Amino acid sequence: MAETFGHHPWTVQDLVGGVASGTVRLPDIQRPFVWANAKVRDLVDSMYKGFPVGELMFWENTDESHSRTIGSEPKTQHGSMQVIDGQQRLTSLYAVVKGAPVLRDDYLPDRITIAFNPLTQRFEVPTAATRSAEWVQDIRDVFDSPIKARKAFLKRLAKAREVDGLEPEDEEQIETAITRLGEVLNYEFQVVQLKPAVTRETVADVFVRINSEGVKLSSTDFILTWLSVFWEEGRTQMEDFARASRFTPEEMNRMGQDPTVRWTPKNAYLTLDPGNVLRVVVAVGNKRAQLQDAYNALRGRDPRTRQIVKSLREAELSRLKDGQARALDPKHWDEFLKVIERAGIRTSTMVTSKNALLFCYAYWLIGRTEFHVPVDDLREVMARWYFMAQITGRYSGSAETRGQEDLNRFSGLSPRPEEFVKAINGQIETALTDDWWRVTLPEDLHTSSMTGPAYTGYIAALNILDADVLLSTLKVKDWIDPNRRPVKGIEKHHLFPKDHLRTALGVTTTRQINQVANQALVEWSDNIDISNTAPATYWPAQVEDKQIGSDRLAEQAWWHALPEGWVGMGYSVFLERRRRLIADVTREGFRKLADPNYRPSPPADAPRTEPAMPTFDALVRSGVLPIGTLLTPADAETDSIAEVTEDGTIRLDDTEHRTPDLAAKADGAEDVDGWTYWEAQFDEPIALAELRAAGYPD
């Protein structure tokens, strides 16, 4: 092995300088930068104390076609060292020493800042508490010039203490601490350097072996790594498509991308990551939903001999390329989005299953490109299929197994449009039986989660049916229009008000009070007027005040599933009857999807530019989500309890997660939006998605 690699010492200053000039580069087989800022803080603290922080591994390779730069700054030299292991540490060092923004896993630039207290020798991610004069606000100042940083700190601290000068022992302590921090630039890393003769196949194998010892790689990681070796252009195309799903062409141009960009896959329903794109590509091209099987097939492994056969590998790669060409075709993507719109979905918060949407796109592509189903017919049947898949939670468990079963139903069919439509309709009829509508759906509505598939299906049905908001001339679809979102226009109102339930009826359980069957959509001003009066008191007054005709009122009562005589019912009876009526309305909305004359209303003409949604860390730093807040799953399927940490992460079972999605996945929820999965436990539980939405200005 002596000819394969060697050991070499690199100081922090050498490493950061190499990254800045471009002589040290990040290979495309690496995952994006995902460390929380608190972990960066701990790395700097360990180096300050002289603790070991692990080795790095580089590959001596001047071929720039297989690398990307760390950070978002332009580089001036050709790369000669590519990072095989240690990306998180190296990116962290570059970010805090140079103060340059890095690209996070959401493709947005992020500035990592670490504060330092020379008196206590503590490092912290900046908070309100670190804004005092006892803190160096950004350790980059020390790395730029320890002398200037020390003088500025002493001056600021003396001014804050209202003294002409500090005590000699304090000055000595501060000078020692800041000098010691500046010397972190001389901290030595041991770097294992793979020789130039090492092939990319070997490098990929080394990468997989190393990372298998640390963070467990997914099948997606293995396939993307494999593509980096055998079809790098294809992997890049997937990543570019995923990144572009977050931005409009104008936004891409403002970020310095190709000014000729005229189209992006951005939409109101889903932002993609490369793994999402890969799932569709493999399903369409390789007819595989199970990515581990897809990886073995792509490697060319013969299932009988377990040997790698080049011809098998080439054939499987050819199928993948074909699937990718179809999946990334703008005309296919844009046509498919009309399917989701037809199904009554208006925004990303209504997408309760990412896998349902991804598999729907895969099956749509198969129907369009292999069975040649006419677009109008395909749009209708796939909208019904998507409605079914989401409301039944078709991919909530063993998603890949279910996906493979669905794909298998297309194999062996003659490539005629009617054969595909028959197969899709068969899946729908098997899932949505009469008993499912009458029994299962009302039972699924026995929940307080307004972001779950059952209640979301009801809202989708109201959109399809062009329903009014209760006691209003506004439409439900306008309330949740992605381009024209009225500020404080509509609220979810407790038909049996909360205080009335507590004080008059003795219902004290929050989940029982907040049952979805006790919620209705009303105008904001009406909710204020209704306040906490009993239904028998406020309802007649509201009806009289609105002066809505009897026919329209009856229609609204049906849309909003109000049982006849509901104001005089007992609460439990009301909930039971309303659940059944909600199921009936949902079923009617689903039926309308089969009406060839049904046309969904398009979004508002004038797009509304939304400000960037705040990150979880930003909610914690702003105080919207206080440190120590307990989080529990909204669907109550598990009894897990997580906690918001001071580092802006979610602690679950002694492990910290940077995003709600990662925390939800760790809790066993593979196919959910983490923002809707977790509820913050305040006086009344509130979904993180609702807290996040409050980040929009009024």
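Quick caveat: nothing in here was measured; it's all calculated off a predicted structure. Computed from heavy atoms alone, side chains included, the values below leave out hydrogens, waters and symmetry copies.
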Could you report the tightest heavy-atom contact between [X] and [Y], atom names first, then the distance?
| X | Y | result |
| --- | --- | --- |
| T347 | T349 | OG1-OG1, 2.8 Å |
| P415 | F371 | CA-CD2, 3.8 Å |
| L407 | A283 | CD2-O, 3.9 Å |
| I464 | G344 | CG1-CA, 3.8 Å |
| A242 | S245 | O-OG, 2.6 Å |
| P535 | P497 | CD-CD, 4.2 Å |

Next on the checklist: Working note: D293 + K287, criterion salt bridge (charged side-chain N to carboxylate O under 4.0 Å, His left out); need CA distance, chi angles, decisive distance, verdict.
Outcome noted: CA-CA 11 Å; D293 289 348; K287 300 299 183 288; over 6 Å; no
When you compare the side chain of [Y] with that of [X], does any pair of heavy atoms fall below 4.5 Å?
| X | Y | value |
| --- | --- | --- |
| V567 | L562 | no |
| N463 | M350 | yes |
| L688 | T676 | no |
| L521 | I459 | yes |
| F616 | T659 | no |
| L593 | F387 | yes |
| L581 | V585 | no |
| L227 | M238 | yes |

Counterpart residues, salt bridge (Lys or Arg N to Asp or Glu O under 4.0 Å), relative to [X] (two or more places apart):
| X | result |
| --- | --- |
| R591 | E588 |
| R409 | D406 |
| E555 | none |
| D435 | R438 |

Is [X] salt-bridged to [Y], cutoff N-O under 4.0 Å?
| X | Y | value |
| --- | --- | --- |
| D584 | R579 | no |
| R379 | E335 | yes |
| E239 | R243 | no |

For [X], I'd like to know if atom [atom1] has over 12 heavy atoms of other residues, nucleotides or ligands within 6.0 Å.
| X | atom1 | value |
| --- | --- | --- |
| R577 | CZ | no |
| D434 | CG | yes |
| I641 | CD1 | no |

Quick one: [atom1] on [X] to [atom2] on [Y], what's the gap to the nearest 0.5 Å?
| X | Y | atom1 | atom2 | value |
| --- | --- | --- | --- | --- |
| L365 | L328 | CG | CG | 10.0 Å |
| F590 | L432 | CZ | CG | 5.0 Å |
| R587 | I391 | CZ | CD1 | 11.5 Å |
| K546 | L553 | NZ | CG | 12.5 Å |
| T509 | R511 | OG1 | CZ | 10.5 Å |

Checklist entry - What pairs of residues pass the side-chain hydrogen bond (donor to acceptor under 3.5 Å, both in side chains) test when at least one of them lies in residues 319-328, not counting sequence neighbours? => result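 Applying side-chain hydrogen bond (donor to acceptor under 3.5 Å, both in side chains) to every pair that reaches into residues 319-328, excluding sequence neighbours, yields Q237-Q324, E316-R319, D322-R326, R326-T369, R326-E370.
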Are the side chain of [X] and the backbone N or O of [Y] linked by a donor-acceptor pair below 3.5 Å?
| X | Y | answer |
| --- | --- | --- |
| R578 | Q519 | yes |
| R692 | T615 | no |
| Y598 | R342 | yes |
| S398 | T401 | no |
| Q556 | L470 | no |

Residues [X] and [Y]: side-chain donor-acceptor under 3.5 angstrom:
| X | Y | result |
| --- | --- | --- |
| S414 | R416 | yes |
| Y677 | D667 | yes |
| D468 | H560 | no |
| Q404 | N408 | yes |
| R402 | N355 | no |
| S448 | Q515 | no |
| T632 | Q681 | yes |

Checklist entry - Residues in ring pair (Phe, Tyr, Trp, His ring centres under 6.0 Å) with Y361, at least two apart? => result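 If we apply the ring pair (Phe, Tyr, Trp, His ring centres under 6.0 Å) test to Y361, skipping adjacent residues, the hits are W333, F336.
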Checklist entry - With sequence neighbours excluded, what pairs up with F410 under the ring pair (Phe, Tyr, Trp, His ring centres under 6.0 Å) test? => result Y363, F420
Checklist outcome for this item: The complete set of salt bridge (Lys or Arg N to Asp or Glu O under 4.0 Å) pairs with one or both residues in residues 264-275, sequence neighbours excluded, reads E251-K266
Checklist outcome for this item: So salt bridge (Lys or Arg N to Asp or Glu O under 4.0 Å) across residues 560-571, not counting sequence neighbours, yields none
Checklist entry - Between E400 and R279, is a salt bridge (charged side-chain N to carboxylate O under 4.0 Å, His left out) present by the stated rule, with each step listed? => result CA-CA 10 Å; E400 291 190 343; R279 182 170 296 286; 3.2 Å; yes
Next on the checklist: Applying side chain to side chain contact (heavy atoms under 4.5 Å, CB included), can you list everything that pairs with P374, at least two apart in sequence or on another chain?
Outcome noted: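 Once residues adjacent in sequence are excluded, the partners of P374 under the side chain to side chain contact (heavy atoms under 4.5 Å, CB included) criterion are D377, P417.
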Checklist outcome for this item: Applying side chain to side chain contact (heavy atoms under 4.5 Å, CB included) to P453 and not counting sequence neighbours gives T352
Checklist entry - Given the side-chain rings of H493 and Y538, with only the six-membered ring counted for Trp, is the space between their centroids under 6.0 Å? => result yes
Checklist entry - So among K475, K592, R599, which one has a salt bridge (charged side-chain N to carboxylate O under 4.0 Å, His left out) with D466? => result K475
Checklist entry - What residues form a side-chain hydrogen bond (donor to acceptor under 3.5 Å, both in side chains) with W364, not counting sequence neighbours? => result none
Checklist entry - Between E380 and R384, is a salt bridge (charged side-chain N to carboxylate O under 4.0 Å, His left out) present by the stated rule, with each step listed? => result CA-CA 7 Å; E380 176 189 312; R384 294 174 69 247; 5.6 Å; no
Next on the checklist: Is the ring pair Y395/W385 parallel, tilted or perpendicular, if the boundaries are 30 and 60 degrees?
Outcome noted: tilted
